[in-house]
Structures are given as structure tokens and as C-alpha cells.
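Take a look at the structure set out below.
Given the structure is predicted, the values throughout are model-derived calculations rather than measurements.
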Amino acid sequence: MVALVAGAAVVASAAVGGCGSDSGKKLTHPPYTVKSIQLGFVTVRDIGKGAIQVQDSDHGSHVIYTPPNSVPTCPYVQRADNITVAVQPDVEPVGGNSTGRFIVGPPNAEQSSLPVVTQGAVVFTTDALADTGMKAVLAESAKCPASFTILGGPPIIVGDYKIHSRAFKSGGWTGFAQQLAHTAPPDLGTTTYDDLTTIVAHKANAVIYFGYAEIHKIGQRADSRAKAEKLAKTTLGRLG
């Protein structure tokens with residue numbers, strides 16, 4: 001089983017429409033609204049044939065719960081058994097309105113080469129509030145360790161986690177891209193590992209995030225960050 005794309009099981013539950021656009025053109029501009037941000041979200045056409053989309057109000061609650069109005073900072077760290085500094089996996093910014101959390105991906109990630117994209121945003125009434133919210137996210141994400149281990153819990157999350165982060169910029173949006181690789185203990189006999197990149201970006205009165213998760217065979221290169229950044233730039237380009 002796979003930890004980082006466990007949310008793909010949710011994708012099979014129901015398809016929803018009205019979010020995102022197949023156009024690569026700019027569709028909106030600041031100041032943003034919840035609806036205008038949703039125009040830029042990743043679509044099934046962006047992912048590929050066979051992908052479906054759902055709105056998820058309780059993503060990962062069967063393994064790791066994060067509120068739907070939160071912004072990710074260090075996924076899965078709340079289950080870590082060997083960290084010395086308190087780190088939160090997400091931040092709930094004050095004074096913002098959530099777009100909701102949407103997942104685009106295959107009905108079963110373990111039987112498809114398509115990625116699973118989890119996306120959402122928080123939209124504020126002023127740029128200053130968004131800036132304060134993003135600073136809180138950056139401060140918490142900076143605490144994310146270079147590695148940690150989860151010893152107990154559901155088998156799909158047990159194992160070693162390694163994290164690499166770098167700055168992200170695109171069309172006036174700024175933030176970070178954080179790549180996380182999860183490998184299961186050898187005694188589980190797993191021949192794959194999880195490759196997840198989380199991008200969080202801020203511009204004007206909005207903070208937006210994308211989680212791009214793939215399953216790779218052990219020995220294959222972890223390349224989710226390059227793919228996630230390319231997709232994020234396309235999406236952010238729609239938002240102007």
C-alpha cells in the first residue's frame with residue numbers, strides 16, 4: 001500500500017464539475033475571490049485520460065487529518081516518532097475564506113501512472129492579511145526536518161521520510177516547493193515508494209497550494225518536483 005496517494009481512494013467516490021479550466025490563458029486577476037481562484041485549479045484534462053475530480057472535505061482522515069481550510073507545511077510530521085522540535089503539518093490562516101480542497105487523479109493510483117493532485121487555497125479580504133497568513137505558513141514549514149520516521153500506525157504510512165525544499169516563483173507568485181519521499185520498511189516487502197511535492201504560493205490576497213503525488217518503483221528517479229512545478233506554473237498562469 002502507498003501512503004502519500006492514499007487519498008486517491010477518495011477520488012473514486014464521485015466526480016464533480018465547475019472547478020478549473022482547460023484553457024491556458026489568463027482567466028482572472030487580483031484581487032482574487034474564491035470563485036476566481038477555482039478557475040485556475042488543475043483539471044482532469046491537465047492530468048490525462050482516465051483522471052476524475054472530486055471535492056474532498058475530509059481528505060486523509062482515515063490516516064492523517066488536516067482541516068480543509070488549512071495550508072500544508074510539513075505533511076505526515078504529526079505521526080513522526082523521532083523529531084525533537086514541535087512541527088505542525090499545516091497552518092489555518094486567520095481571516096481567510098477557503099476554496100475547499102479538490103483532488104484530481106485516477107480512481108486507483110496503484111493501478112495507474114497518473115499523479116494525484118490535491119489543491120486548495122485561502123482567499124483574504126486584503127493583501128496584508130494574506131501576507132501575514134503566508135508568513136505563518138513559511139515559519140512553520142521552515143521547521144520541517146530533513147527526515148523523520150513513522151514507526152506505528154497504518155502500514156501505508158510506516159517508514160522513512162526524506163524532505164527537500166526550495167524557493168518557488170512564477171508570475172509574481174512566491175513560496176516554496178517541498179519534495180517528500182516515503183519508503184516503507186524492508187520487511188513489508190514493498191517494491192515501490194511514494195514521491196510527493198507540495199507547492200505553496202502567495203500573491204496579492206491569496207495563498208494557494210498543490211500536492212502532486214506519484215508512486216515509483218524502487219530505483220526510479222524521484223521527479224515529482226519538476227512535474228509539480230511545471231503544472232503549478234500552468235495553473236498559476238490562468239490566475240494572472
Side-chain angles (χ1 to χ4, degrees), residues 3-11 13-14 16 18-20 32-38 40-42 53-80 83 85-105 116-126 129-145 148 150 153-154 156-157 161 163 165 173 175-178 180 182 194 196-203 205-213 228 232 235:
L4 301 180
V5 292
V10 180
V11 176
S13 62
V16 297
C19 182
Y32 299 110
T33 65
V34 166
K35 289 186 177 180
S36 69
I37 286 289
Q38 289 177 343
F41 279 167
V42 173
Q53 175 183 294
V54 295
Q55 182 173 5
D56 181 20
S57 60
D58 210 17
H59 179 55
S61 62
H62 58 298
V63 177
I64 299 282
Y65 176 75
T66 57
N69 62 333
S70 65
V71 177
T73 55
C74 191
Y76 290 84
V77 74
Q78 68 266 55
R79 289 271 195 165
I83 60 173
V85 177
V87 184
Q88 298 301 315
D90 59 88
V91 166
E92 295 182 74
V94 177
N97 295 314
S98 173
T99 59
R101 183 180 287 145
F102 295 84
I103 301 176
V104 182
V116 175
V117 175
T118 303
Q119 57 194 327
V122 180
V123 182
F124 300 83
T125 55
T126 68
L129 284 173
D131 186 58
T132 298
M134 187 62 180
K135 286 179 179 177
V137 170
L138 290 171
E140 199 60 38
S141 66
K143 301 177 188 177
C144 196
F148 60 84
I150 297 177
I156 57 174
I157 65 169
Y161 293 75
I163 300 100
S165 297
W173 293 84
F176 64 88
Q178 178 194 87
L180 186 155
H182 163 240
D194 307 318
L196 167 69
T197 290
T198 301
I199 294 176
V200 180
H202 161 239
K203 181 178 180 179
N205 64 316
V207 176
I208 193 168
Y209 65 86
F210 309 89
Y212 186 103
T235 297

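Looking at every heavy atom in both residues, F148 comes nearest to A80 through CD1-CB, 3.6 Å. Taking all atoms of both residues into account, the shortest heavy-atom contact from N69 to P93 is O-CD, 4.0 Å. Of all the heavy atoms in T99 and V34, the pair that sits closest is CA-CG1, 3.8 Å. Minimum interatomic distance between A228 and Y212 (heavy atoms only, all atoms of both residues): CB-CB, 3.6 Å. Listed here is the closest heavy atom pair of R79 and G153: NH1-CA, 3.8 Å. The two residues P72 and Y209 have their closest heavy-atom pair at CD-CG, 3.5 Å.
Put simply, the side chain of V123 reaches to within 4.5 Å of the side chain of N205, judged on heavy atoms. Contact annotation: the side chain of V137 never approaches that of H202 to less than 4.5 Å [non-hydrogen atoms, C-beta and beyond]. You'll find the side chain of I103 reaches within 4.5 Å of the side chain of V116, heavy atoms only. Residues Q55 and P68 fail the side-chain proximity criterion, which asks for heavy atoms closer than 4.5 Å. Contact of the V77 side chain with the C144 side chain is not registered, since no non-hydrogen atoms from C-beta on lie closer than 4.5 Å. Residues L196 and H182 have side chains not in contact (no heavy-atom distance under 4.5 Å, counting atoms from C-beta outward). Considering only heavy atoms from C-beta on, Q78 stays 4.5 Å or farther from Y65 through its side chain. Using a 4.5 Å heavy-atom cutoff, the side chains of V71 and V122 are in contact.
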- Item | Worked check of side chain to side chain contact (heavy atoms under 4.5 Å, CB included) between D131 and F124 | CA-CA 9 Å; D131 186 58; F124 300 83; over 6 Å; no
- Task: Decide side chain to side chain contact (heavy atoms under 4.5 Å, CB included) for F41 and I208; before the verdict, give the C-alpha distance in whole Å, the side-chain angles of both, and the deciding distance to 0.1 Å.
- Result: CA-CA 10 Å; F41 279 167; I208 193 168; 3.8 Å; yes
- Query: Between S70 and R101, is a side chain to side chain contact (heavy atoms under 4.5 Å, CB included) present by the stated rule, with each step listed?
  - Reply: CA-CA 9 Å; S70 65; R101 183 180 287 145; 3.6 Å; yes
- When you look at V200 and M134, which way does the side chain to side chain contact (heavy atoms under 4.5 Å, CB included) test go after all the steps? CA-CA 9 Å; V200 180; M134 187 62 180; 3.9 Å; yes
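Distance check: I37 CD1 to Q119 CD gives 11.0 Å after rounding to the nearest 0.5 Å. Note that the CG atom of L138 and the CZ atom of F176 stand 6.5 Å from one another [nearest 0.5 Å]. Note that OG1 of T235 and CZ of F210 are 4.5 Å apart. Values are rounded to the nearest 0.5 Å. A distance of 11.5 Å separates CG of D90 from OG1 of T198, quoted to the nearest 0.5 Å.
Proximity of the aromatic rings of W173 and Y32 is defined here by a centroid distance below 6.0 angstrom, and this criterion is met.
Under the 3.5 Å distance criterion, the side-chain polar atoms of T73 are matched with a main-chain donor or acceptor of P89.
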